[in-house]
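Data block below; observations after.
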Amino acid sequence: MAKPLNGSGRSMPRSNEGMRLIFSAVVGVMLGYLFGISFPTVNITKLHFPSSIISYIEDRNSGITTQTLLNHAWASANNHKKNSSESNTDEIPEIYVPTNPKGAERLPPGIVVSETDLYPRRLWGDPSEDLTSEPRYLVTFTVGIGQKANIDAAVRKFSDKFTIMLFHYDGRTTEWDEFEWSKRAIHVSARKQTKWWYAKRFLHPDVVARYDYIFIWDEDLGVEHFNAEKYIELVRKHGLEISQPGLQPDRGLTWQMTKRRGDQEVHKVTEERPGWCTDPHLPPCAAFVEIMATVFSRNAWRCVWHMIQNDLVHGWGLDFALRKCVEPAHEKIGVVDAQWIVHQSVPSLGNQGKSDNGRPPWEGVRARCRKEWGIFQTRLADAEKAYYLERGITPPNSTSV
């Protein structure tokens, strides 16, 4: 028998099936919505992955499936929300610690590491077992390959209590591997740069904070009569924050202050040419050492580093201003006579300059040194003058260097 037709000529059961489908879809959407909102919101920043998951990320052969990873994450999120709601119904404030180093205010203090070191570490094993020793002193030399033999002799004067760091101004580093000590040293290479350029960029006080003393030395120094550890003993004994070894009197001597005296351990004052010293407690008669073989205490270096200018790479004038960083300077700056060196006056870095109009390279370098000295004098005097004027104080006359 034929099925009855509606007015449009279509079968009635088909219309009922369409209504049921629409009704089922609406009910499914509503149930899905109610089901979805019954689960907690997952904040991906609050997921805490166990070590097994981290191992999976690092090792794809671990056999842990993606579903297992998600299950761990989901359980972690639920536990975190449950614990938070039980311990504190109020919203937990974000971390902000204004006493943290600049830029790290949002970190908990316990994770902040504001200082580092130059101790090499292994690529394997337990980090706590990396260091068999922790040197307390740092010595740096700014070197070219032409002074390799001289630097080898100098480095051998420093025990394993010293970290050795070489700044290579000629870019040649691999040739130094013939020395066993070179394999343990820190090597930094940048062509045609001075030791003060290197010091400003690689010896930040927070990088060298583990060292009690920092030696920043030239490459042309004879050390036959020098013992590094005995030198440090004398520096401590006489309370020197900034020092240098005495110079052999007949070689490479510019200032009377740096001239070695054979009858004492240390000297802090001297007499210069008439008119050179307006005050017996000021450079170059006191509170003065040169910049060729300077040794800084940790605290003194923190101050001096900030005084080094980024664009004034030769350091001329810096020796006259070192007194700004210790007080009283005429007591804490001095020359160690009992441990002395020879300045060989080898113009190796000077030869890295540029020849101009037939002039040898070293002449251009020397002209730059003199120019930098004048610039530094002006900057320091202007900075001190501005400081006093901002506070309504008449600037003193002792701002020159």
If we count only N and O atoms by modelled type, under 3.5 Å, do the side chains of [X] and [Y] hold a donor and an acceptor together?
X	Y	result
Gln256	Thr270	no
His204	Thr116	no
Ser243	Tyr213	no

| Are Ser297 and Asn299 close enough, and set up right, to give a side chain to side chain donor-acceptor pair (under 3.5 Å), and what steps lead you there? | CA-CA 6 Å; Ser297 70; Asn299 291 336; 5.6 Å; no

Using side chain to side chain donor-acceptor pair (under 3.5 Å) as the criterion, list what pairs up with [X], not counting sequence neighbours.
X	result
Trp181	Asp152
Thr140	none
Asp263	none

| field | Residue that, paired with Asp337, satisfies side chain to side chain donor-acceptor pair (under 3.5 Å) out of Lys259, His267, Arg260 | value |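 Checked Lys259, His267, Arg260 against Asp337; only one passes side chain to side chain donor-acceptor pair (under 3.5 Å): His267.
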
Quick check: do [X] and [Y] have side-chain heavy atoms less than 4.5 Å from each other?
X	Y	answer
Leu107	Val97	no
Ile95	Arg106	no
Asp220	Met292	no
Ile164	Ser182	no
Phe179	Val155	no
Pro284	Met257	no
Phe162	Glu229	yes

| field | By salt bridge (charged side-chain N to carboxylate O under 4.0 Å, His left out) - contacts of Asp212 (at least two apart) | value |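 Result, salt bridge (charged side-chain N to carboxylate O under 4.0 Å, His left out) vs Asp212: Arg136, Arg236, Arg298.
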
| task | State which residues pass salt bridge (charged side-chain N to carboxylate O under 4.0 Å, His left out) with Glu178; sequence neighbours excluded, sorted by chain then number. | result |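 Checked Glu178 against salt bridge (charged side-chain N to carboxylate O under 4.0 Å, His left out); matches are Lys148.
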
| query | Going through the checks in order, is the ring pair (Phe, Tyr, Trp, His ring centres under 6.0 Å) test met by Tyr169 and Trp197? | reply | CA-CA 10 Å; Tyr169 62 74; Trp197 182 90; over 10 Å; no

| task | Could you check whether the rings of Phe320 and Trp373 sit parallel, tilted or perpendicular, using 30° and 60° as the cut-offs? | result |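 Phe320 vs Trp373 ring planes: tilted.
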
| request: Enumerate the residue pairs fulfilling disulfide bond (SG atoms under 2.5 Å apart) with a member in residues 258-293, sequence neighbours excluded, ordered by first and then second residue. | output: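 Every disulfide bond (SG atoms under 2.5 Å apart) pair that includes a residue of residues 258-293, provided the two are not neighbours, is Cys277-Cys285.
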
| field | Proximity of Trp217 and Phe226 rings by center, below 6.0 Å | value |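 They qualify: ring centres under 6.0 Å apart.
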
| Is it true that Tyr137 and Phe158 have ring centroids separated by less than 6.0 Å? |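 When the ring centroids of Tyr137 and Phe158 are compared, they turn out to be at least 6.0 Å apart.
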
